[in-house]
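What follows is a set of notes on a single structure, which appears directly below.
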Amino acid sequence: MNFFKIKTAWSNAEFIILKLCVASAYVLVGAYFHAFIRQYYIPVLVIFGITCVWCVYLYIKKVKKG
C-alpha cells in the first residue's frame, strides 16, 4: 500500500480545519491535566470530533478525486 506516497492538493482553507482539529486535541490533553481548562472539556471535545470527521472526509474526497 502506497499510503505515504499519495499526493493531494490541499487549500489553505482545508488546512485550517486540520490545524483546528490538532489544536483541539492538544487542548483536550491539557484539559485532562489542568483544572482551569477542564471546564471547557465538552465544547473542545465537540470541536475535535467535528473537525476530525471533517478532515477525514476531505482527505478521502481528495484521494478519490486525484
Looking at every non-hydrogen atom in both residues, tell me the closest pair between Ala25 and Phe48 and how far apart they are.
CB-CE1, 3.7 Å

Shortest non-hydrogen contact from Cys55 toward Leu18
SG-CD1, 3.3 Å

Sequence-distant partners of Ile16, side chain to side chain contact (heavy atoms under 4.5 Å, CB included), two or more places apart:
none

So, for Val44 and Ser24, which heavy atoms are closest and what is the spacing to 0.1 Å?
CG1-O, 3.4 Å

Look up atom OH in Tyr57 and atom NZ in Lys62, then write down how far apart they are to the nearest 0.5 Å.
11.0 Å

Residues that, via side-chain heavy atoms closer than 4.5 angstrom, fall in one hydrophobic cluster with Leu20
Ile47

Paired with Ile60, the side chain to side chain contact (heavy atoms under 4.5 Å, CB included) test is passed by just one of Val56, Val63, Leu58, namely Val56

